[in-house]
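Scroll down for the structure; my scribbles are underneath it.
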There are 2 protein chains.
Amino acid sequence: MSHALSAAPRPPAWRPGSACNGSCRHASACEATRGGDPALLGVRGVVERVGPFSDGDRLVQPGSPHRGYFSVLSGMAKTTDANRVVAFHLPGELFALEPTRAQVHERSISAIGKTWFCRFPRDAMSDLCGDNDDIARHLAALRRREHRLLKASHDDGDALTRVSGFLFDLRCRRRHIEGESAFVPLPMSREDIGSYLGMSAATVTRMLGRLRAAGILTIRADGIDVSDEASLVPRQDSPGSKPSRSFIS
Amino acid sequence: MSHALSAAPRPPAWRPGSACNGSCRHASACEATRGGDPALLGVRGVVERVGPFSDGDRLVQPGSPHRGYFSVLSGMAKTTDANRVVAFHLPGELFALEPTRAQVHERSISAIGKTWFCRFPRDAMSDLCGDNDDIARHLAALRRREHRLLKASHDDGDALTRVSGFLFDLRCRRRHIEGESAFVPLPMSREDIGSYLGMSAATVTRMLGRLRAAGILTIRADGIDVSDEASLVPRQDSPGSKPSRSFIS
DNA sequence: CGACTCTTTGATCCTGATCAACACCGGTGG
DNA sequence: CCACCGGTGTTGATCAGGATCAAAGAGTCG
């Protein structure tokens, strides 16, 4: 599942002009077109499919010129900042929207397993935004969300809470793609999960084992089957009490 | 040093109309007038001195109407949010600037030890801001700083680093008031410091003890004497490496 | 002086990191 | 076909930081 770290982004098989016709498997979950919203269909005209990338290949790296936005067409991706994983990207999710004025990417984005991307050229998207307020607003909203997610820290609560919260989040996001399914693929390494959640890979394994022992999920080679979703969601016993810090006064 | 938690803000001895003549001991460190900047002298005409508050008395609490800004005239104060200390306020420092549109205070502010405040009525300050761009800009800058400080988390590094960083910060801020002085008063409880730094009071005591054992400071009943300031500042061995999380890929 | 709170200090416990050993798996080359 | 190999996942042992609990000083204020 892993590759030697590629020193530079490997030139993938670009498919310019392969505009989207809305027939891809995740069309209804596509964030770029908001699941096929008629107001946003113009976006389909500018998208290019790019791939395949294999595990570890970098799509962009810090300093590389920002010439487009991306979404996952199939597979998975991660964004890393200073060697720390700050986001995972599932099929349909749009990312690499940097601040509007940004000329270069600020973080690395790399494939997890064999992955195809959709690329939305920045110039074409800018033109679309100028012509279509809906697209502009939609993109701005997604950009704000990305900014929020990249800033969010996952250092709250203990290791078990963080792992189960992470799985719950993944499961919720997958629902948009696959609908109801107990299976949640985890193609990223335990190390990656640990980096994202701020714990060691060994602890990730142990917390998964604890959730398995509790009958909440079963562990497969390529992911997990969630059998008791209700137990994954962080249970907040009494409202307004966060035991992440010591109490005072 | 401590009081039973007062359920409601105790009405202090208000001194309306006691405009500032710049003769107070911390005039040169007064943030409201930027140390007596001629462009900001108008502020002195609207300030009122209020006090004395004794230890634990609340100046404002969440939900109380926002009718003024405050600074410490003498003593010290703390801002608490959900029972956590999020800021300490030293003489001369302006605070309780909430967002411009805020109608009510969002956090508690209470006195630490016997404390006098300067109160800057909101309406009068608004008028001043309308008449004087310097005052408006100055207030906006201070408001941004307050927002940043209240959001900042002190959960980076280990306990010793956080305590010494805290003391270093206090010492730097006191320099504006007292000039060069080895003494740094700590009128707040160890519990308060621990709440602010995200650790237990016992750990605060232990870390202080460790700094004392290292010859960096001596401990007094009401504070500390810093004898080796250079050792207080967080030493970053190699730039760009933060061992606060595990590393990846 | 006495009650009270705060600080200090010791003992213990818990969480999660770290390290090491081992199983597993896919790929590679004989 | 099979031995080998590097990377990954799992699991156990150990360790360190800091929380928690308890008990003993030390002020402090009435």
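Order of the sequence lines sets the chain letters (A, B, ...), proteins ahead of strands, with each chain counted from 1.
What separates CG of B:L211 from P of C:dT8 is a distance of 12 Å, to the nearest Å. Across the protein-nucleic acid pair, A:L186 atom CG and D:dG9 atom C1' stand 13 Å apart, rounded to whole Å. Atom CG in A:L197 sits roughly 15 Å away from atom C1' in C:dA17 (whole-Å rounding). In this structure, CZ of B:R210 is placed 15 Å from P of C:dT8, rounded to the nearest angstrom. Rounded to an integer number of Å, the gap from A:L160 CG to C:dG16 P is 8 Å. Distance, A:K114 NZ to C:dG26 C1': 17 Å, rounded to whole Å. For the pair A:D222 CG and C:dG26 C1', the interatomic distance rounds to 15 Å; values are reported in whole Å. Residue A:M199 contributes atom CE, which lies 11 Å from atom C1' of C:dT15 at whole-angstrom precision.
In this structure, B:S54 contributes its side chain and B:K114 its backbone to no donor-acceptor pair below 3.5 Å.
Judged as a side chain to side chain donor-acceptor pair (under 3.5 Å), the pairs with a partner in residues 66-76 of chain B (not counting sequence neighbours) are, in order, B:H66-B:R122, B:Y69-B:R143. Applying the salt bridge (charged side-chain N to carboxylate O under 4.0 Å, His left out) test to every pair with at least one member in residues 173-188 of chain B, sequence neighbours left out, gives these pairs: B:R25-B:E178, B:E93-B:R173, B:D169-B:R173, B:R171-B:E180, B:R175-B:E180, B:R175-B:E229.
Nearest nucleotide to the side chain of B:D158, out of D:dG9, C:dG16, D:dG18: D:dG18.
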Can A:V226 and A:L232 be said to form a side-chain contact (heavy atoms from CB on, under 4.5 Å), step by step? CA-CA 9 Å; A:V226 178; A:L232 271 188; 3.9 Å; yes
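Between B:F70 and B:F117, the two ring planes are perpendicular [angle over 60°; tilted spans 30° to 60°].
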Could you run down nucleotides 10-16 of chain D 5' to 3' and tag each one B, S or - for protein heavy-atom contact under 4.0 Å? SBBB---
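Side-chain contact of B:T161 with B:D158: a donor-acceptor pair under 3.5 Å is present, judged by distance alone.
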